[in-house]
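As structure tokens, the structure follows; a few thoughts come after it.
Note that ligands are numbered from 1 as they come in the structure, with each ligand's atoms numbered from 1 the same way.
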Amino acid sequence: MRKKIVAGNWKMNLDYNEGLSLFSEITNMVKDEITGSQQAVVCSPFIHLHSLVQMAKGYDKVAVGAQNIHQNESGAYTGEVSAKMVKSVGAEYVILGHSERRQYFGEDNQLLAVKTETALKNGLKPIFCIGETLDEREAEQHFDVIRTQLKEGVFSLSTEQFSQLVLAYEPVWAIGTGKTATSEQAQEIHAFIREEIANNYSQEVADNTTILYGGSCNPKNAPELFAQPDIDGGLIGGASLKSRDFLDIVKVFN
Ligand code: 13P
């Protein structure tokens, strides 16, 4: 059985103290309210990571992740943070390939393939994001875009490496817009992603891969989205900044 995960992506929000107090609310609520085997993941800015990992000790249903790493192991890259550094504070996950990194920081599939290798080499589990823009969907290119992102970004990994990955389908037109993909649209793409994995690896690998949906996911629409057979959880932006909303989304899997 593949793991159900609800991951919060805080993006560039919350100062240190704000982050710690939100996380403390989240851990308390998880302890009191989560009865299933799902996992809540919080992907914070680097600045919070060490403290959040300390605060998460003893809460096995809460994990912590970063939102980026540099592709190289170390060196003269002023301002960057390496996978080893992220791992050394005890973080478990790292988001890679988010559309905001692709769009604002020019990250392409080739670079993301290197970052993925670097993350895995350092024992981090990538949450690898893929998804089409509005133009691409309107031109009916969404399946091709997703196939290419998978092929160039992650399909050169070995089976063993690929098994460490979580995938996240985030249609760019649904991110931060309040416009969610319908559960049918999301399920169609998730099923397609799983089929591509089966074609490139095996049905067993495909069946074991956790595929999250992201894009204006909230406590209202999460139950229908997560009821789809190929949707294994969510990657949550805005709603992950409110403990009540985030927990209500995590609780869908109770
Ligand atoms: P929103 O939930 O704010 O649309 O953001 C989704 C996202 O980008 C998560 O990575």
Can you give me the closest heavy-atom contact between [X] and [Y], atom names plus distance?
| X | Y | result |
| --- | --- | --- |
| Phe226 | Phe253 | CD1-CE1, 3.4 Å |
| Asn218 | Lys220 | OD1-N, 2.9 Å |
| Thr180 | Tyr213 | CG2-OH, 3.4 Å |

Report task. Could you tell me which atoms of ligand 1, counted from 1 in the order shown, lie closer than 4.0 angstrom to a heavy atom of His98? Result -> 7 (C), 8 (O), 9 (C), 10 (O)

Requested in this report: May I ask you to list the atoms of ligand 1 that are less than 4.0 angstrom from any heavy atom of Gly176?
Outcome: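 Near Gly176, meaning under 4.0 Å from one of its heavy atoms, ligand 1 has 1 (P), 3 (O), 4 (O).
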
Which protein heavy atom lies closest to [atom], and at what distance to 0.1 Å?
| atom | result |
| --- | --- |
| atom 3 (O) of ligand 1 | Gly238 N, 2.8 Å |
| atom 5 (O) of ligand 1 | Lys11 NZ, 3.3 Å |
| atom 2 (O) of ligand 1 | Gly237 N, 2.9 Å |
| atom 9 (C) of ligand 1 | Glu170 OE2, 2.9 Å |

Above 12 or not: heavy atoms from other molecules or residues under 6.0 Å from [atom1] of [X]?
| X | atom1 | answer |
| --- | --- | --- |
| Glu160 | CD | no |
| Lys61 | NZ | yes |
| Glu224 | CD | no |

Query - Any Ala174 heavy atom less than 4.0 Å to ligand 1 - result: yes

Query raised in the report: Contact between Ala239 and ligand 1, counting heavy atoms under 4.0 Å?
Result: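 Distance cut 4.0 Å: Ala239 fails for ligand 1.
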
Could you tell me whether [X] and ligand 1 have an N or O pair separated by under 3.5 Å?
| X | value |
| --- | --- |
| Gly214 | no |
| Gly215 | no |
| Asn9 | yes |

Report task. State, yes or no, whether a side-chain contact exists between Val114 and Gln110 at a heavy-atom distance under 4.5 Å. Result ->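 No - every pair of side-chain heavy atoms lies 4.5 Å or more apart.
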
Query raised in the report: Out of Arg102, Gln71, Lys115, His98, which residue meets the side chain to side chain donor-acceptor pair (under 3.5 Å) rule with Glu107?
Result: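 In the set Arg102, Gln71, Lys115, His98, the residue that makes a side chain to side chain donor-acceptor pair (under 3.5 Å) with Glu107 is Lys115.
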
